[in-house]
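Atoms within a ligand are numbered from 1 in the order they appear, just like the ligands themselves. For reference, positions follow the sequence shown, starting with 1.
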Amino acid sequence: MMNVFPRLLIKVKSIVENLNKLISMTSRYNIEMVGVTKVLCGDVRIVSELVKSGLKIIGDSRVKNVEKFKSAGINVEYMLIRIPMLSEIEKACLLCDYILVSEPKVVEEISKVCSETGKVQRLIYMVDMGDRREGVLFERAYEEILSVSKLKKVDIIGVGTNLGCFGGVVPDEENLGNLVKLAERLRRSGLNLKVVSGGMTSAIPLLENGRVPNGVNQYRIGEAIMLGTDATNSREMDYLNQDTFTLEAEIIEVKEKPPKPSGKIGRNVFGEVPKFENGRMRKRAILALGVQDVDIKGLIPLENGVEIVNATSDHTVVDITEAEREYKVGDILRFRLKYKALLRLMCSGDYIERVYLDS
Ligand SMILES: *Cc1c(COP(=O)(O)O)cnc(C)c1O
């Protein structure tokens, strides 16, 4: 194991166990699982293990990641889960088996591209059931989907929705039930819809207590596989592993400092006016890690008495006054991660060493 910091310890086995657990939970209801890998920023090593252990469809938001997985020889089906830019449609159609869409203009362009290549592109039309990110408003969905379904070389195989991610709306029997009803109405009008893609991590509670509306037959899951958590419902699943990713960062300074800066206060490097409490001297450590690498709000210290104060591009200041351990320069602090913190760390590229354990 290389002693290079900061580094991410990745327990591949824990991630694979999470996947297997979720596959067995969904298959009990004949629900197909799409494993969403966007947080991994194209990590071939982890994704190939997921596929080896039975994942059939990979969902990613970036065409570039799909391209990377494919050229690494990972042969599964791929779903592009972000609406494609007009500028990437050709590539998206070439590489992806399924594409999520929400704009007639995008479907028209896909239809044009495929008329030239001969491919029939399978699409899932996204419907906004209340979360207010992507998707045609539920009230307008029937007309819009019916009209794009007449375009050539595109096959609208289903409808889908995204909940929880943006507006924090919790998936339930009502909003997902309405999505199923929309699919049924479209079927009565002649569309051959096979898929109702209704689940994300935030919809796992419905699986747990058997309340997934009849007709929902696909879940696209990311966070629960990677972290064993559910941010929307703010919980950890006790049947999943949370020890999947651990961040280790090195201390480069330890000093006693007054918590309040002295001098006239302007704005900090990010244009904010920082607020500080007056008080007794604190013991502070600086980690060689910054906002360039991580979202510090998503760092969960693994040792007691460690509190994150703030960070700049390359420095993270932590308060260790209450810590049990006597920290010194060169020591390593360890953290568990929330989703956004993990995302940034994975995308910080060469600056973060990755150590794959037990794979
Ligand atoms: C991120 C994303 C998912 C997965 O959501 P999780 O909360 O990570 O399970 C599913 N669908 C779409 C469209 C997404 O963007």
Side-chain angles (χ1 to χ4, degrees), residues 15 18-19 21-23 25-26 31-43 46-47 50 55 57-63 65-66 77-85 92 96-103 106 122-136 157-172 175-176 179 195-208 212 216-237 240 242 244-245 295 298 337-344 346-347:
I15 302 171
N18 287 351
L19 173 74
K21 182 85 202 179
L22 290 161
I23 289 181
M25 284 171 72
T26 44
I31 292 171
E32 175 178 58
M33 253 275 287
V34 178
V36 173
T37 53
K38 65 188 174 198
V39 76
L40 302 178
C41 295
D43 188 297
I46 302 173
V47 170
L50 293 176
L55 183 60
I57 309 176
I58 289 174
D60 207 289
S61 48
R62 308 275 170 146
V63 175
N65 289 343
V66 174
E77 290 195 305
Y78 289 94
M79 173 184 284
L80 184 63
I81 61 166
R82 184 175 69 184
I83 316 309
M85 298 180 267
C96 301
D97 302 280
Y98 311 96
I99 301 178
L100 304 188
V101 294
S102 67
E103 283 284 356
V106 168
R122 287 175 286 181
L123 306 175
I124 292 178
Y125 214 93
M126 295 300 277
V127 182
D128 180 353
M129 303 304 299
D131 202 53
R132 303 293 176 253
R133 201 180 71 181
E134 77 273 48
V136 56
I157 63 157
V159 289
T161 194
N162 202 62
L163 291 158
C165 275
F166 182 76
V169 173
V170 177
D172 58 24
N175 49 34
L176 292 184
L179 185 67
V195 177
V196 177
S197 188
M200 299 73 26
T201 293
S202 57
I204 290 176
L206 297 173
L207 271 179
E208 289 168 4
V212 182
V216 172
N217 59 10
Q218 185 181 78
Y219 264 47
R220 311 175 310 271
I221 297 181
E223 183 188 350
I225 300 173
M226 306 303 168
L227 292 171
T229 57
D230 171 358
T232 302
N233 296 298
S234 55
R235 66 183 191 131
E236 295 180 352
M237 284 72 117
L240 298 177
Q242 284 83 36
T244 47
F245 294 87
D295 170 38
L337 306 164
K338 294 189 184 173
Y339 194 84
K340 213 164 129 194
L342 176 61
L343 179 69
R344 285 260 281 285
M346 294 301 284
C347 294

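Applying the 4.0 Å criterion to heavy atoms of Ile221 picks out, from ligand 1, the atoms 9 (O). Set against the non-hydrogen atoms of Glu134, the atoms of ligand 1 under 4.0 Å away are 13 (C). Taking every heavy atom of Lys38 and a limit of under 4.0 angstrom, the matching atoms of ligand 1 come to 1 (C), 2 (C), 3 (C), 14 (C), 15 (O).
At least one N or O atom of Glu223 sits closer than 3.5 Å to an N or O atom of ligand 1. When only interatomic distances are considered, the shortest N/O to N/O separation between Gly222 and ligand 1 falls below 3.5 Å.
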Working for side-chain contact (heavy atoms from CB on, under 4.5 Å), residues Asn233 and Ile204 = CA-CA 10 Å; Asn233 296 298; Ile204 290 176; over 6 Å; no

request  = Could you walk me through whether Val127 and Leu179 pass the side-chain contact (heavy atoms from CB on, under 4.5 Å) test, one step at a time?
outcome  = CA-CA 8 Å; Val127 182; Leu179 185 67; 4.0 Å; yes

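At the top of the distance list for atom 9 (O) of ligand 1, counting protein heavy atoms only, stands Thr201 OG1, 2.6 Å. Among protein heavy atoms, the minimum distance from atom 12 (C) of ligand 1 is reached at Asn162 OD1, 3.2 Å.
Side-chain atoms of Thr201 and Asp230 include no donor-acceptor pair closer than 3.5 Å. Side-chain N/O atoms of Thr229 and Glu223 include a donor and acceptor closer than 3.5 Å.
Nearest to atom 11 (N) of ligand 1 by heavy-atom distance, out of Arg82, Met126, Met79, Arg220, is Arg220.
Atom CD1 of Ile15 and atom CE of Met226 lie 6.5 Å apart (nearest 0.5 Å).
At a threshold of 4.5 Å between non-hydrogen side-chain atoms, the residues Tyr219 and Leu207 count as touching.
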